[in-house]
S.K.: 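Provided herewith is a single structure, encoded as structure tokens, for subsequent inquiry.
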There are 2 protein chains.
Amino acid sequence: MARDARTREARRDALAESALTTLGTLGYARTSLREIAANSEFSHGVVHYYFRDKTELITYCVRYYKARCVHRYDAVVDDSRTADGLLAAFADKLVETLVDEAPMHRLWYDLRTTSMFEEALRADVVAIDASLQDMVWRVVSRYAELAGRELVVSPGVAYAMLDGVFERALLRHLAGEAGALDELRGAVLGALPLLLHAG
Amino acid sequence: MARDARTREARRDALAESALTTLGTLGYARTSLREIAANSEFSHGVVHYYFRDKTELITYCVRYYKARCVHRYDAVVDDSRTADGLLAAFADKLVETLVDEAPMHRLWYDLRTTSMFEEALRADVVAIDASLQDMVWRVVSRYAELAGRELVVSPGVAYAMLDGVFERALLRHLAGEAGALDELRGAVLGALPLLLHAG
DNA sequence: CCAGAGTCTTGACACTCGTCAAGACTTCGG
DNA sequence: CCGAAGTCTTGACGAGTGTCAAGACTCTGG
């Protein structure tokens, strides 16, 4: 009989979970449906039972991924009581997530870059990028508020700069460069104050 | 008879040229040797006459690409006589190259991201990244010199921040967002002064 | 308990890929 | 002008891909 819609959604999520694991390991281009299925408890044919095609699965994954990462630093914002405390906590959290979720982060950069070539991904990537920008802006603007000073950059520029620093750290970390994590922490501690108005 | 070694090198360069065009259009993952050959005056089999395998061709392309882009802003550095003049010229040049060579830039980001998954690319990517960092540092340090002030960021951080801003602008430009170019120019004009010591 | 709807597996399809071998074409020294 | 060395094309191969259809399995309502 018709299975509960909730169960069906659970199956889709389970496949998305396996897909994200595979994508984080192999990257977007080298991930096949058979490999995703092999990393799950199902066979390769079942994918087309729950998803129309590969694109729909990937898109579903991307949204699934987004939902669980855009509030990663909210606790830092809520719990910090001083500008310096927020800054230190944010830097530490960035380092932590870079290490703990390196595959997911490189997957995100992979998807974002791929969207420069494949229009099918573009809309979702742009939406996630905006969410990440908001996430960063919550941190940065709270930081300015605690410091009692104005910000001299727009949300987009603040996000772009921090993202550039993070992407570089991820690349170096994955390349096995030992100093990458400390450089990330130091870069954030040094860079965020620059975004505040001198007065 | 044995063809001139110079001619052989010219063939390799011609293939690299076609490969770069194709890579810039389709991206690393979707570029096949047949497609590269189709964009050249040769047939698909000739690739293995001049290159051992696909990896060697790609690697050759990457080095070929690097050689012609890492001195892109040297004229800006050499010709500018004031800090503000250098800043404006640099911002304009960034916008210009983003527009004129968008496919090459997205290819670079594609290769860099792919190197997070494929170790074969990593060494070359790290080398190019270092060259780009040097290129940016030549601009930034000359800017500080002309301004008569010290820089408060390391070469790595300066590069990462500018690169983040540029990558974001490229993404938005390719997505058809009209304001991307002006935002890039404005971001650079606003951000570089922040890297100078206040005193 | 059993018929049937729902779920999942298996195997096949058409296609593309990198690679390579066989041979045709080109060029040039003798 | 001929033969050989160099250059290039053609066609094939095995592997891997997304997709889908046919059937086996599972579970539940009557």
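First the proteins, then the strands, lettered A, B, ... as listed; each starts at 1.
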S.K.: Whole Å only: how far is the CZ atom of Arg11(A) from the C1' atom of dC27(D)?
M.R.: 12 Å

S.K.: Roughly how many Å is it from CZ in Arg30(A) to C1' in dT17(D), rounded to a whole number?
M.R.: 15 Å

S.K.: Can you figure out which of dG18(C), dT10(D), dC20(D) approaches the side chain of Ser43(B) most closely?
M.R.: dT10(D)

S.K.: Between atom CG in Leu15(B) and atom C1' in dT7(D), what is the gap in whole Å?
M.R.: 13 Å

S.K.: Please report the shortest heavy-atom distance between Arg122(A) and Met116(A), naming the atom on each side.
M.R.: NH2-O, 3.5 Å

S.K.: When the distance from NZ of Lys54(A) to P of dG16(D) is rounded to whole Å, what number comes out?
M.R.: 15 Å

S.K.: Do Lys93(B) and Glu96(B) sit within salt-bridge range, that is, some charged N less than 4.0 Å from a carboxylate O?
M.R.: yes

S.K.: Does any N or O in the side chain of Ser80(B) come within less than 3.5 Å of the main-chain N or O of Thr82(B), such that one atom is a donor and the other an acceptor?
M.R.: no

S.K.: Taking the nucleotide of DNA chain C with the closest heavy atom to each, which residue, Val46(A) or Arg52(B), is nearer the 5' end?
M.R.: Val46(A)

S.K.: What about Arg34(B), does its side chain sit under 3.5 Å from the base of dG18(C) through a donor-acceptor pair?
M.R.: yes

S.K.: In this structure, how many angstroms lie between the P atom of dT17(D) and the CD1 atom of Ile58(A), rounded?
M.R.: 13 Å

S.K.: Looking at every strand, decide which applies to Ser32(B) at a 4.0 Å heavy-atom threshold: base, sugar-phosphate, or nothing.
M.R.: sugar-phosphate

S.K.: From CG of Leu33(A) over to P of dC15(C), roughly how many Å is that when rounded to an integer?
M.R.: 19 Å

S.K.: For dC8(D), does either OP1 or OP2 sit under 4.0 Å from a side-chain N or O belonging to Tyr49(B)?
M.R.: no

S.K.: Please confirm whether the backbone N or O of Arg112(B) pairs with a side-chain atom of Ser115(B), one donor and one acceptor, at under 3.5 Å?
M.R.: yes

S.K.: Check the distance between dC13(D)'s C1' and His48(B)'s NE2 and give it to me in whole angstrom.
M.R.: 13 Å

S.K.: Could you tell me the separation between the NE2 atom of His44(B) and the P atom of dT10(D), rounded to a whole number of Å?
M.R.: 9 Å

